[in-house]
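What follows is a short report on a single structure.
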Amino acid sequence: MNGKHITKLGFEGKAVGLALTAAKLREDAGVSRGDILDELQSVQNYPEQYRGGGVYADLAAHLLEQQAAQQSRQSAKLRAAPLPYRTWGADLIDPGAHAQMDVAMQLPVSRAGALMPDAHVGYGLPIGGVLATENAVIPYGVGVDIGCSMMLSVFPVGAGNVSTDEARSLLLKHTRFGAGVAFDKRDRLDHPVLHEATWKEQPLLRHLFDKAATQIGTSGSGNHFVEFGTFTLAQADPQLEGLDPGEYLAVLSHSGSRGFGAQVAGHFTGVAQKLWPQLDREAQKLAWLPLDGEPGQAYWQAMNLAGRYALANHEQIHARLARALGEKPLLQAQNSHNLAWKQVVNGQELIVHRKGATPAEAGRLGLIPGSMADPGYLVRGKGHPEALASASHGAGRQLGRKAAERSLAKKDVQAYLKDRGVTLIGGGIDEAPQAYKRIEDVIARQRDLVDVLGEFRPRVVRMDTGSEDV
DNA sequence: ATGTAC
């Protein structure tokens, strides 16, 4: 018995040596060469039957690994060309974001997609990207800040009822900003999301529970904010339950799932990237988890928990401010804009990822903020099928953080704020209004995706202190 | 986005 006999049977690479070793053991046991070759053929055809033990166990295990690697190579192969997708506001979108969307549309699991007018470059899927996949969820198709969302409360008093100084001290007292921040134990509020059994269903969630419990109700950093402003309703709408046209005091917040969501995202994109070692480099950050597999199910559960947790953060922020004001909101609206949903697309249930995109099914309310000093809008979705029922999640950056720090000065930002009568607590040059696209342009490009119902003008804004104060 | 990295 030699290598030639083995390779003739079709064994390759390391399998040849393993087969030879096993064959020698069988020869020593007095088995004839013909019988051994029959056995080897059988191992090759049915490796799973030999995996359990015996002289062929190592060979069988290796063959199964080879098979899996081969399958992985096949199923990780990108399409030769991206599937077609529609772009809203292409004149506002940089080529880098388009290039990222093109790669996403080459994934074998992709079925449909769209690019929103606030789109700009992100990790994996661009911000403002909408991607529908079949039986697959992409952690970086949702984003690092799972469940990042908006919430608006409109109060039954005039905007002038709270002075700038008062709004300022309310924000300083009742909100917390910055990476890693939490509320002191005595200031913490409870929330039903912290009592969900889901936290006990995965070791990772058990591990992250304490962090989540201490950080609930906080706002983090980057583009997250809490602001007092004026909500203007120009025209009554039956969906707004008898809210009369007029100007109201309102609170608008942008917040996410804090350290908890970030760790969930980091963990599962790691799992996904290990699952597809053969995936092209350019698509590595788009690694997916099959939804019918164990890690895919675990991510789906953790992602949805992070989504509920992020909304709970907003609820606490608004509850604290409402209590301090002594007012009950007339109207509240909220929406997640970093999440994946099961959605029927062209008659098929797909996984629709919105990474910096507002759900805009027909009749659904949503919130699209501008910059720290520009208006945000209460909108109603029109359910545009080619946009996969989505809209932009904001104005979108036109300057990256570093570019903003290089090209803008404090006084530019201060003048912009003064012009619009906006008071800012914290904030950084990297969040300068001039670093964002004009929200009016972005809204104008998506008139077929949403109707604008109301306008929110910021007056007193709190953000985290940036790398360089304004 | 997050506190400073499986």
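Every chain is numbered from 1, with letters handed out A, B, ... down the list of sequences. Below, all heavy atoms of this structure are taken into account, side chains as well, without hydrogens, waters or symmetry copies. Worth saying up front: this structure is predicted, and the values here are computed from it rather than measured.
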Which pair of heavy atoms, one from A/H224 and one from A/G256, lies closest together, and at what distance? CE1-N, 3.4 Å

Between A/D118 and A/K437, does any NZ, NE, NH1 or NH2 come within less than 4.0 Å of an OD or OE carboxylate oxygen? no

Rounded off to whole Å, could you give me the CG-to-P distance for the A/L208 and B/dT2 pair? 14 Å

Under the side chain to side chain donor-acceptor pair (under 3.5 Å) test, which residues partner A/R308, sequence neighbours left out? A/E196

Is A/A179 touching bases, backbone alone, or none of the nucleic acid, heavy atoms closer than 4.0 Å? base

Could you tell me how far apart A/Y140 (OH) and B/dT2 (P) are, to the nearest whole angstrom? 13 Å

Detail all sub-3.5 Å separations between protein N/O atoms and N/O atoms belonging to nucleotides 4-6 of chain B.
none

Nucleotide B/dT2, atom C1' - distance to CD1 of A/I146 in whole Å: 12 Å

Contact class for A/S221 (heavy atom, under 4.0 Å): base, sugar-phosphate, or nothing? sugar-phosphate

Euclidean distance, A/L279 CG relative to A/L78 CG, rounded to 0.5 Å: 6.0 Å

Touch class at under 4.0 angstrom, heavy-atom based, for A/G220 against every strand present: sugar-phosphate

Reckon A/Q273 touches a base, only the sugar-phosphate, or nothing at all at heavy-atom distances under 4.0 Å? nothing

Only counting residues at least two apart or in another chain, list the ones meeting side chain to side chain donor-acceptor pair (under 3.5 Å) with A/H337. A/H254

Salt-bridge contact A/R397-A/E431 (side-chain N to carboxylate O under 4.0 Å): yes

